[in-house]
Amino acid sequence: MNIQLQILDCDYTLLNGKPIIRIFGKTMKGETVCVFYDKFRPYFYLHTTEDLDSIMFELEKNDLNVEIVDRIIPIGYQEPVKMIKITGKDPSKTPELRAFVKKFGQPYEADVLFKYRFMVDLNLRGMEWIDVKGNFRKTTTVKCKAFEAEEIKPIEILENAPLKYLSVDIECLPLEDRVATPDKDPIIMISLAFSPEHRGMKDVVLVSRLNKKESGVINCSNEKELLEQFYKIVNEFDPDFVIGYNINNFDFPYLIKRMEVLKTKRDFGRSEKNPFTHKMPQKEIPYLSGRIVVDAYDIIKRDPWVKFKRYNLGTIAKEMLGEEKVQMGGPAEIGELWTKNNLEKLISYARKDAELALKLVIQKRLLDKFFQLAKISGLLLQDSFGGQTQRIECMLLHVFRDKKIVMPLKSDAAELRKRNEEREGYGLKGALVLEPRTGLHNSVLVLDYKSLYPSLIKTYNICPTTLLTDNKNIEYIETPFKTKFVTKNIREGILPLLLRKLIDTRVKVKNQMKIESDPEKKRVLNAKQLALKDLSNSMYGFTGYIRSRLYVLDIANTITSYGRETITKTKKMIEENFPVEVLYSDTDSVFIKTNINDLDELKSYGQKISEFVTKQNPGLELQFEKIYKTFLILSKKRYAGWSFETDNGKWKDNVEMKGIETVRRDWCTLTSDIMMEVINTILKEGDVKKAAKQVREVIIKLSKGVVPLEKLSIVKGITKPLEDYDGIQPHVELAKKIIKRDPTRKNIVGERLEFVIVKGNQLLSKRAEDPTFVKEKGLEIDPQYYIENQILPPLERIFDVCGVSSSELMEGMRQQSLMEIFNGQKPKISPEETVLNAFESVVCKNCSFSFRRPTLNGLCPTCNLPLYFSYAGSIGKIIDPSIKL
DNA sequence: GAGGTCCGGGG
DNA sequence: GTGTACGGACCTC
């Protein structure tokens, strides 16, 4: 008979020293099935320059199955060579075998995980569907139905099987004055949330104490029973996904340790595999066979597109779901509520946390992109949460197999050392970032190359497999880095081929998206195109990543050098053919200053420039990206702009900031507020003087002590016992004071302390105080600290490039009394005498014509009258034009 | 700015 | 499990 399954997980077990592959999957009806397959053996390749026959003889003597095959070595363009394919019996013995055969030559693919060896060979991919021929059979080794396979084939089904999600959150009780440690401190509650409902429940809280009966709560007589109940429910519900918030780093390791301590069953995966964490030097990663562990925290934190100030569940739930956690005054309150048997709040707190983690994953569709990454790359979903390297490796393995190319081993310590040394001497030169013309500018166009590196790889056939290392008489392209690659006519590189497929598919998917009306299907398509984009963009990094299996520094350097050449040429081409100036450029984008004010006109001008450049650059496409009506650039990678982009034909504006942090953990909200205010004034009103005034007003408010304490408090966490801190830090000193004042508050490790700096003669760090304490005692804050450490440092650079020095910004602050500054006016300077130290343009006051650079004789070409420098709305002389030219 | 170190989330 | 985290912020020189 045949069954069809969606692949959730894959591993193997040994039976009589032989491996049996297990594929855990789900049928369209929602049945969990484990497919057993015993016809697959571990193997790898050996390349040697010695006599093949004698080595074969030697290997056969050791009871190994050997065969001579033709394979291509991927680094450097070359023809296939003879290799020995060595087939073993037990995958776990492969490292031994690999070490043994190293004396005969170079092994290939001898460190590919057995499950992936199998999946690649049968062309199977995580979350994809398989059609299996075979029969159901009885087994006790897995907890679901078992199916003995004769034949396994991939099939194309777009839908997902019905999947089940379980969210888990534990609460524990620190017994002593320290963070909860699993070898000593008990778990008091386990909260579970189900999707779909389990026996009519959408959630349940397990409590390790007998208490009054309540719906949605299961009382257990002790912690051991609590763990047993948990085990029972997980197996009954049989989830495909086990979800949590920071579950990888906290809940799971803690649970496992407690189960060990209390000697309860721990195999809550779908097989009886017992230790279900991989022990790694510094970290254990939970792994449940047959299920997928999903840590919402991990996924949200790693999203490169959305950044949050903090990643605790409270902040994330509020920002992403608009929901609040149940308020709890830290671990101390948990202990207190538990001791006083006041469980109502504690239960709702636990219940809410599991619910929030579940909602994040399901409502925010956190898994969509990973489903697609698994389907495209071939990784199991569980492994798709990791880094880019594994994804590329897996994709390459699939293509390499088709093309009879072998995958090199991962680098060992010696190889890594060598690469590190090579890097130091030889280096990997990155992208080109041009020195910007700092200051405030108007009417700036942003054009950029869409996927520059992937396009370059495709266009120039850049790949380890096409790199020409010796002088063969063959058709090739020489790159600006002086490396040579054979042309596509000779052999299409694997990276170019993969990228071509990824990019073409992405175009197709995006077109499908446009005509798709079903929002559900559209969402899946969108996840797919995002996954394709992620994969295309990470291809370049693979050749330059130090632990890469295809580490070829020359290739990484070739790509970046092509990038640098492209952007340099682009700038030149634009400035030579259009009356504009390229203000700044980073990697694949150019910022162009124009004299056009109308948005639509600017856009079509931008398009005209990009078309012009694109025409002269085969394989590459420069695109109009957006307009900055005003653009303030401080330095490389640090700028702000008032952006205008079209959305369905309408202009949408936004104040954007890149590299300028307005929000930082170690800044108080007053700092963030004033930075935002200043940048907005400068960008939207073009009024630097007004912005400076806004700063002076804040300084005056600080001096008068009228700024609310909430705006001045800084938050820092106590992460370790106080005696372990070396230097003196404000929040640590405050912690000491707090304990001195209130000895019952011993458990301060792990708490986040809020503090303000107050006036006094002591060292700064000794003057940190709790805001509530400051209010109670009527203490005064230290304005000098806030001005010098919180207000001025982030603002100085902004005003500096706008031509206002920090002494001007603080003008008179030290000499005059505060009231005088508050009321006083700056002396008036006639426009002709204004001194500027940067300029935007040169203007003629007579005909109002403006130029980008001064004329040679300093006179207006039409009126023959002296020209003036214009900057941020004022006209005047320039202090030292050579600096800014 | 290069290089080294600490830290995150969780209770 | 054919294994051995990671990326960013911060500090120091």
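Protein chains get the first letters and strands the later ones, always in sequence-line order, with residue 1 at the start of each. Given the structure is predicted, the values throughout are model-derived calculations rather than measurements.
- At whole-Å resolution of the value, CG in Asp412(A) and P in dT2(C) are 19 Å apart.
- Residue Lys410(A) places no side-chain N or O under 4.0 Å from the OP1 or OP2 atom of dG3(C).
- Ring-plane geometry between Tyr43(A) and Tyr45(A) is classed as perpendicular, the angle between the planes exceeding 60 degrees on a 0 to 90 degree scale with a lower cut at 30.
- Checking dT2(C), dG8(B), dG11(B) against the side-chain heavy atoms of Lys325(A) singles out dG11(B) as nearest.
- Backbone-only engagement by Tyr12(A) is indicated by non-hydrogen atom pairs under 4.0 Å involving sugar-phosphate atoms exclusively.
- Dense packing is recorded around NZ of Lys39(A), with more than 12 heavy atoms of other residues, nucleotides or ligands lying under 6.0 Å away.
- The aromatic rings of Phe268(A) and Phe230(A) stand perpendicular to each other, their planes meeting at an angle above 60°, with 30° marking the opposite boundary.
- Atoms CG (Asp90(A)) and P (dT2(C)) sit 9 Å apart, rounded to a whole Å.
- Closest of all the heavy-atom pairs between Ile21(A) and Phe114(A) is CD1-CE2, 3.5 Å.
- Phosphate proximity of dG9(B) to Arg302(A): absent, as no side-chain N or O sits under 4.0 Å from OP1 or OP2.
- At whole-Å resolution of the value, CZ in Phe250(A) and P in dG8(B) are 14 Å apart.
- Taking every heavy atom of residues 343-361 of chain A and every atom of DNA chain B, pairs under 4.0 Å involve Tyr349(A), Asp353(A), by number.
- The residue Leu97(A) sits apart from the nucleic acid: no heavy atom pair falls under 4.0 Å.
- The CD-C1' distance, from Glu171(A) to dG11(B), rounds to 7 Å in whole Å.
- Asn246(A) places its CG atom 17 Å from the P atom of dC6(C), with the value rounded to the nearest Å.
- Between Asp383(A) atom CG and dG3(C) atom C1' there is a gap of 11 Å when expressed in whole angstrom units.
- Counting heavy atoms of neighbouring residues, nucleotides and ligands inside a 6.0 Å radius, atom NZ of Lys318(A) does not exceed 12 of them.
- Pairs passing the salt bridge (Lys or Arg N to Asp or Glu O under 4.0 Å) check and including a residue from residues 292-306 of chain A, sequence neighbours excluded, read Asp298(A)-Lys301(A).
- Applying the 4.0 Å criterion to OP1 and OP2 of dT2(C), one finds that Tyr43(A) has every side-chain N and O outside that range.
- Atom C1' of dG9(B) sits at a distance of 16 Å from the matching atom of dA9(C), rounded to the whole Å.
- Residue contacts for Asp295(A): at a heavy-atom cut-off of 4.0 Å it reaches no nucleic acid atom on any strand shown.
- Rounding to the nearest 0.5 Å gives a distance of 11.0 Å between NZ of Lys257(A) and NZ of Lys184(A).
- Rounded to whole Å, the separation between the C1' atoms of dA5(C) and dC7(B) comes to 13 Å.
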Apply side-chain hydrogen bond (donor to acceptor under 3.5 Å, both in side chains) to Arg71(A) and Tyr108(A), showing your working.
CA-CA 10 Å; Arg71(A) 287 293 182 274; Tyr108(A) 284 87; over 6 Å; no
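- Nucleic acid contact for Leu313(A): sugar-phosphate only, since backbone atoms but no base atoms lie under 4.0 Å from a heavy atom of the residue.
- For Leu380(A) and dG3(C), the CG to P distance is 16 Å, given to the nearest whole Å.
- Among the protein residues, Pro95(A) comes within range of the sugar-phosphate backbone only, with heavy atoms under 4.0 Å from sugar or phosphate atoms but none that close to a base.
- Atom CG of Asp111(A) is separated from atom C1' of dT4(C) by 13 Å (rounded to the nearest Å).
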